[in-house]
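In what follows, a single structure is set out as structure tokens and then discussed.
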Protein chains: 2
Amino acid sequence: MILARIQKLSVAIPENLAEMLEEEIIFGRLKSRERLTEEMVAARYGVSRSPVREALRLLERDGLVMREARRGIWVSPMSQRDFDEVYTCRIELEGLVAKQAAESADIEKKAEFKNLLSELKQAQARNDARQFFIVDVRGSFLTYTLAGNKTLTRLLGGLEKQALRYRYHAYEQDPKIIQLSLDDTARIYDAITAGDGESAKAMTENLIREIWQSMRAGIRDAFGEG
Amino acid sequence: MILARIQKLSVAIPENLAEMLEEEIIFGRLKSRERLTEEMVAARYGVSRSPVREALRLLERDGLVMREARRGIWVSPMSQRDFDEVYTCRIELEGLVAKQAAESADIEKKAEFKNLLSELKQAQARNDARQFFIVDVRGSFLTYTLAGNKTLTRLLGGLEKQALRYRYHAYEQDPKIIQLSLDDTARIYDAITAGDGESAKAMTENLIREIWQSMRAGIRDAFGEG
DNA sequence: CGACACCATACTGTATACAATATACAGGTC
DNA sequence: GACCTGTATATTGTATACAGTATGGTGTCG
């Protein structure tokens with residue numbers, strides 16, 4: 001999703017717009033509660049309001065913006081409450097997808113995890129947070145692909161992005177949070193590659209729960225309880 | 001969602017259109033794989049293509065229609081595979097929502113379950129399947145409201161509808177499947193009202209799993225493995 | 001000074017017009 | 001006859017014009 005969008009803009013403008021806005025929101029260039037007027041977005045990207053409206057519907061679907069009928073659209077507010085919601089859902093669904101991914105027999109795809117892991121380490125070494133998160137998302141999508149459950153992928157797509165907003169914020173506050181993410185991610189990848197569904201699930205659930213707990217106080221301090 | 005839409009059509013046309021199309025799809029008047037052209041829908045409901053496009057985006061979000069860029073939109077195909085996907089996700093998420101609903105202290109809302117249950121029994125006695133499912137959906141949304149987890153509600157909204165398609169189909173094949181649904185539903189309501197989150201969760205998971213298994217063969221016979 | 005009504009403005013919501021693209025079919029070429 | 005190419009048509013995708021509504025300010029009245 002993120003990435004790989006140059007020169008694609010000629011087709012599927014709404015999807016591409018949505019991806020670009022997504023990035024703006026995840027990486028905090030569009031801030032929580034900031035208003036988005038259709039005309040502003042249209043002017044900024046040099047298109048008309050029609051594709052903008054559809055792009056905003058897509059963002060709404062993924063919980064990145066909130067619409068109030070006939071009033072407008074705002075970047076979704078962040079709060080500890082929202083964070084809790086996203087993470088309680090993630091625990092269940094990421095656990096399930098890890099289990100189903102582990103049960104896949106697609107050895108070649110599983111081998112990809114090794115490359116991703118080294119890319120993650122490189123990004124971390126270079127202190128390139130943006131790249132780190134982009135690769136991390138690719139890892140998530142690899143997991144989703146392995147699981148081969150389209151419905152689950154659809155649901156997780158809309159959670160992953162919200163989660164990433166919080167994770168990127170946490171990184172900005174304290175860059176060494178990446179270390180935690182990297183260790184966790186490596187362990188998850190290993191569990192999936194090993195092919196033991198039940199333990200992959202349990203590990204994933206535990207790891208996400210850990211991250212959740214470690215980030216929780218900081219989120220409250222930054223955004224309030226909600 | 002279903003229901004309560006007469007005279008609201010003046011505002012929020014896309015949402016209302018989506019609800020009506022939703023019903024058409026769930027109750028099988030729009031069949032699996034049937035093509036939907038924007039102009040056809042627009043003409044049928046006496047509106048222009050703009051709100052139709054947005055309504056179709058909403059249906060896409062909930063997995064009820066599939067879009068292929070620049071080719072068109074089709075009612076999502078049903079299959080045992082898709083059914084399995086929806087139900088594996090439902091087990092996790094409905095379990096979670098039941099737990100969180102049980103933990104709510106909103107006694108008045110919980111009391112509503114009693115009324116819903118008697119409505120369900122009436123609908124069953126009258127053999128009014130459509131009404132049965134409509135009330136059942138209201139029960140689900142009451143549970144979601146009690147849980148007070150907007151993110152979870154957003155995710156479940158898109159699963160519930162897909163699930164209902166399969167459940168309505170099963171009903172058409174064999175009307176006494178409603179009996180199973182009623183018993184299950186009553187037990188779930190009781191568990192939530194009792195306020196024991198963990199057991200509400202476990203019960204819900206088991207009950208959904210039971211329904212899943214009982215319907216699975218029939219779904220394969222009707223729609224193929226996928 | 002406060003409250004209410006009115007109007008201007010800005011924006012969302014809808015309709016329509018236009019552009020671009022996919023599909024089917026006809027005709028030509030090998 | 002098989003395959004390719006070009007063109008007609010249907011449908012999606014985008015731009016623009018118009019309608020309706022929420023908001024903020026101004027003025028008037030109590």
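Per chain, numbering begins at 1; letters A, B, ... match sequence-line order. Bear in mind the structure is a predicted one, so any value in this text is a computation, not a measurement. Both backbone and side-chain heavy atoms feed into the values below; hydrogens, waters and symmetry mates do not.
- Figure legend: cation-pi geometry between Arg90(B) and Tyr87(B), with NZ or CZ positioned under 6.0 Å from the six-membered ring centre and within 45° of its axis.
- Remark: the backbone N or O of Glu119(A) is not paired with any side-chain donor or acceptor of Gln122(A) at under 3.5 angstrom.
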Exercise. Step by step, would you call Phe27(A) with Arg130(A) a side-chain contact (heavy atoms from CB on, under 4.5 Å)?
Worked result: CA-CA 8 Å; Phe27(A) 294 121; Arg130(A) 195 169 162 283; 3.7 Å; yes

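- A sub-4.0 Å separation between OP1 or OP2 of dT23(C) and a side-chain N or O of Arg71(B) is present.
- Of the residues in residues 33-43 of chain A, none lies under 4.0 Å from DNA chain D by heavy-atom distance.
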Polar atoms only, N or O, under 3.5 Å: list the protein pairs with nucleotides 15-18 of chain C and their distances.
from	atom 1	to	atom 2	distance (Å)
dA15(C)	OP2	Ser48(B)	N	2.8
dA15(C)	OP2	Ser48(B)	OG	2.8
dA15(C)	O5'	Ser48(B)	OG	3.4
dA15(C)	N7	Ser50(B)	OG	2.6

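- With sequence neighbours excluded, no residue forms a salt bridge (Lys or Arg N to Asp or Glu O under 4.0 Å) with Arg209(A).
- Glu108(B) meets the side-chain contact (heavy atoms from CB on, under 4.5 Å) test with Asp106(B); sequence neighbours excluded.
- DNA chain C is contacted by no residue of residues 57-67 of chain A, taking any non-hydrogen atom closer than 4.0 Å.
- For the salt bridge (Lys or Arg N to Asp or Glu O under 4.0 Å) test, no residue two or more places apart in sequence or in another chain qualifies with Arg61(A).
- Every residue was checked against the side-chain hydrogen bond (donor to acceptor under 3.5 Å, both in side chains) condition with Gln213(B), not counting sequence neighbours, and none meets it.
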Exercise. What would the secondary structure line of DNA chain D be in dot-bracket form, counting Watson-Crick and G-U wobble pairs under 3.5 Å, with [ ] for pairs that cross earlier ones and | for pairs with another strand?
Worked result: ||||||||||||||||||||||||||||||

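- For the pair Glu94(A) and Tyr144(A), the tightest heavy-atom approach, listed with the atom from each and the gap, is OE2-OH, 3.3 Å.
- Put simply, Arg70(A) has no side-chain N or O that comes within less than 4.0 Å of OP1 or OP2 on dC11(C).
- Salt bridge present: Lys161(A) and Glu22(A) bring a charged side-chain N and a carboxylate O closer than 4.0 Å.
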With the criterion being N/O to N/O and under 3.5 Å, what pairs connect the protein with nucleotides 7-9 of chain D, and how long is each?
none

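- Although no hydrogens or angles enter the test, the distance criterion places a donor-acceptor pair under 3.5 Å between the side chain of Ser76(B) and the main chain of Val65(B).
- With sequence neighbours left out, Arg165(A) forms a salt bridge (Lys or Arg N to Asp or Glu O under 4.0 Å) with no residue at all.
- A salt bridge does not link Arg49(B) with Glu39(B): none of the charged nitrogens is closer than 4.0 Å to a carboxylate oxygen.
- Separating the CZ atom of Arg53(A) from the C1' atom of dC11(C) is a distance of 11 Å, rounded to the nearest angstrom.
- Phe132(B) is linked by a ring pair (Phe, Tyr, Trp, His ring centres under 6.0 Å) to nothing, counting only residues two or more places apart in sequence or in another chain.
- Around CD of Glu225(B), the count of heavy atoms belonging to other residues, nucleotides or ligands within 6.0 Å does not exceed 12.
- The salt bridge (Lys or Arg N to Asp or Glu O under 4.0 Å) search around Arg216(A) returns Asp84(A), not counting sequence neighbours.
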